[in-house]
Every structure is written in structure tokens, then in C-alpha cells.
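Only heavy atoms go into these numbers, but all of them, side chains included; no hydrogens, no water, no symmetry mates. Note that the structure is predicted; figures quoted are calculated from it, not measured.
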Amino acid sequence: MQAFSAIAGCWTYFFGFIAAIWVLETAGIVYDLANALTVARALVESGIVFYLCAALMGLDLKSKDINKKYGGFMLRYILLLYLPVVVISLVVVFGAMSVFPAGLQGQEIFLVFTVLAGAGVAFLTTFLFGTVFPAHLKGVNAGIGPAVGRSLRQAGYLLPRLLFGSGALAGLAVLILLFAENAGIGSDAITPAGTPNVPGGIVLLLAKLVSGYGFAVFSVIVCRAYLKDLEERGESPVAEADVFA
């Protein structure tokens, strides 16, 4: 419910970003966007988390001082959460290609290794660095080192919620796409030939909405962990730390 409240607090930004990534991924079917689509996806995701965290922290979304922090927020998101997944996935793929026989290359085993490695790294980075985002907005203990220490102190709170909350929703979004592909519906709004695919477009939109809700849950978790740690260490008023009560 707190995630829904966060979405309601910044709904124009939230649904605008969801629509943007839907359009970009649809355009990527017809046009060769390649790495540009990966960068665009990272930018959109960081924007979603930025406004969700700002809404949860009770900040004025239209404030110039807050929006000036988006550049640093985006850079942290890409370097701490996005880049490690991309790098490790590439390392796993090239490593697997050097180990397995050439006849197995390009088959499902490489996809399995890549997905598992990416998911594991994504979970680790969101756990270790997740609280750096509300800290950046708040401006208290905003460094990467303090974020890691904070995450370790709040591990009992963070780990199960990240795994069964935002992590499970991210997995559900992937399962929706896989189910649609295996059922013959497809998960793209347009075919490579340029023909509209309405059912596939609906599936893609549903997956993006589930993924977006996962970002909202993630934002709630890291904001609560951040404020909880501030309260326990006597660095924030109780009234502020209990914003989610």
C-alpha cells in the first residue's frame, strides 16, 4: 500500500516513464537501437526511482533544489546498480563460451547462466547500495561507504523484503513475458516486419507496470531502511523516521 501511495504521489512522472520505456522498446523492434536502448532504459529506471523516493521522503517534486539532484542520482543508479549487472553478464557469457563446446554456444545454457548471474548481481547491488538513493536526496550520510555500512546494519530488514518484494516482482515481470512468448501471444507491440500486435503490446505494458510497481516497492524498502537507521543512530527526529508508520 505504501508503494501505491508513492506512485500516487508522483503518478505523472511514474506513468510517463513507463510509457517512455514502452515506446522505446517497441521502437527497438523495428529500428536498431542496440546500446542506446540499454542506456535509455537505465535513464528511465533511475527517473522512476528518483521521483518515487522523493515522494516517499515527503519532498517537493517541483523544487529546483530537488531536481538538481537528479544528475547525481542517475549517475549513482547507473554505476552502482546497472553497470555491474551488464559487466558481470558479459563476463559470464564470454567465460561460458570459452568453457563449453562450440556446438553448445548460442543455446539456452548461455541464457540461463547470464540470467542467473545478472539476477544475483542485481540483488547484491540493490542490497548493498540501495539506501544511497534516499541518502542522496536527504543529504545525510550520502556516501557509498555509509550506504554499505547501513545496509549491513539493516540486513535483517532489507534482505527478505528485497528478495520477496521487489525481487519477486521483477521475476514476475519476466515470467509474464516468457509465458506470452511460449503461448504464442508475443510480448512486443509490433512485429519486426512493422505489423501491429495488440495482444503483445498489452502484455509488454502489463510487464512494464509490474516492473514499475517493483521499483515502487524497492523505493519503499530502501527509504524505510535509511530512515530506520537514522533513527536508531540518533541522527534523525523520531517523527521523521516514522513517516511510514
(message) Distance check, rounded to the nearest 0.5 Å: R76 atom CZ versus S46 atom OG?
(response) 12.5 Å

(request) Return the set of residues passing ring pair (Phe, Tyr, Trp, His ring centres under 6.0 Å) with Y70 (not counting sequence neighbours), or none when no residue passes. (result) F50

(message) Quick one, L59 with Y51, criterion side-chain contact (heavy atoms from CB on, under 4.5 Å). Give me CA distance, side-chain angles, the key distance, then yes/no.
(response) CA-CA 9 Å; L59 303 175; Y51 284 105; over 6 Å; no

(message) Any heavy-atom pair between the side chains of E25 and I21 that's under 4.5 Å?
(response) yes

(message) Does any part of the side chain of C10, heavy atoms only, come nearer than 4.5 Å to the side chain of L52, both counted from C-beta?
(response) yes

With a cut-off of 3.5 Å and sequence neighbours excluded, list every side-chain donor-acceptor pair involving residues 154-162.
from, atom 1, to, atom 2, distance (Å)
Q154, OE1, K228, NZ, 2.8
Q154, NE2, D229, OD1, 3.1
Q154, NE2, E232, OE1, 2.9
Y157, OH, R224, NE, 3.3
R161, NH1, Y157, O, 3.0

(message) Determine whether a donor-acceptor pair (N or O, by modelled atom type, separation under 3.5 Å) exists between the side chain of N197 and the backbone of D188.
(response) yes

N/O donor to acceptor pairs below 3.5 angstrom from side-chain atoms of residues 126-135, sequence neighbours left out:
from, atom 1, to, atom 2, distance (Å)
T126, OG1, A122, O, 2.9
T126, OG1, F123, O, 2.9
T131, OG1, R150, NE, 3.0
T131, OG1, R150, NH2, 3.4

(message) What's the separation between atom CD in Q2 and atom OG in S219, rounded to the nearest 0.5 Å?
(response) 12.0 Å

(request) Search all heavy atoms of G165 against all heavy atoms of V217 and return the closest pair with its distance. (result) C-CG1, 4.1 Å

(request) Quick one: list whatever passes side-chain contact (heavy atoms from CB on, under 4.5 Å) with T26, sequence neighbours left out. (result) W22, A189, I190, L204

(request) Is it possible for you to say whether F4 and F215 belong to one hydrophobic cluster, with membership spreading through side-chain heavy-atom contacts below 4.5 Å? (result) yes

(request) Only counting residues at least two apart or in another chain, list the ones meeting salt bridge (Lys or Arg N to Asp or Glu O under 4.0 Å) with K69. (result) none

(request) Establish whether L152 and L163 are linked, either directly or via other cluster members, by ILVMFWY side-chain heavy-atom contacts under 4.5 Å. (result) yes

(message) To check you understand the geometry: which heavy-atom pair defines the closest contact between I88 and A117, and what is its length?
(response) CG2-CB, 4.2 Å

(request) Go through L80 and T125 one step at a time and tell me if the side-chain contact (heavy atoms from CB on, under 4.5 Å) criterion holds. (result) CA-CA 7 Å; L80 297 177; T125 54; 6.0 Å; no

(request) Could you tell me whether a side-chain N or O of S151 sits under 3.5 Å from a main-chain N or O of A147, the two making a donor and an acceptor? (result) yes

(message) Under 4.5 Å between side-chain heavy atoms, counting indirect links through other Ile/Leu/Val/Met/Phe/Trp/Tyr residues: same cluster for I202 and I185 or not?
(response) no

(message) For a quick test of reading the model, state the closest non-hydrogen atom pair linking L61 to A54 and the distance between them.
(response) CD2-CB, 3.4 Å

(request) Group every Ile, Leu, Val, Met, Phe, Trp and Tyr by side-chain heavy-atom contacts under 4.5 Å, then state whether L137 and V140 land in the same group. (result) yes

(message) Do F179 and Y213 sit in one hydrophobic cluster, given that two such residues count as connected whenever their side-chain heavy atoms are within less than 4.5 Å of each other, even indirectly?
(response) no

(request) Nearest 0.5 Å please: distance from the CD1 atom of I78 over to the CD atom of E45. (result) 10.0 Å

(request) Measure across V85 and L81 and return the closest heavy-atom pair with its distance rounded to 0.1 Å. (result) CG2-O, 3.4 Å

(request) Mind listing the closest non-hydrogen atom pair of G214 and L169 along with its distance? (result) CA-CD1, 3.6 Å

(message) Which residues pass the side-chain contact (heavy atoms from CB on, under 4.5 Å) test with I18, not counting sequence neighbours?
(response) F14, I48, L205, K208, L209

(request) For S187 and E181, work out which heavy atoms get closest and say how close. (result) OG-OE2, 2.6 Å

(message) Is there a side-chain contact between Y82 and R41 in this structure, where contact means two heavy atoms from C-beta onward sitting under 4.5 Å apart?
(response) yes

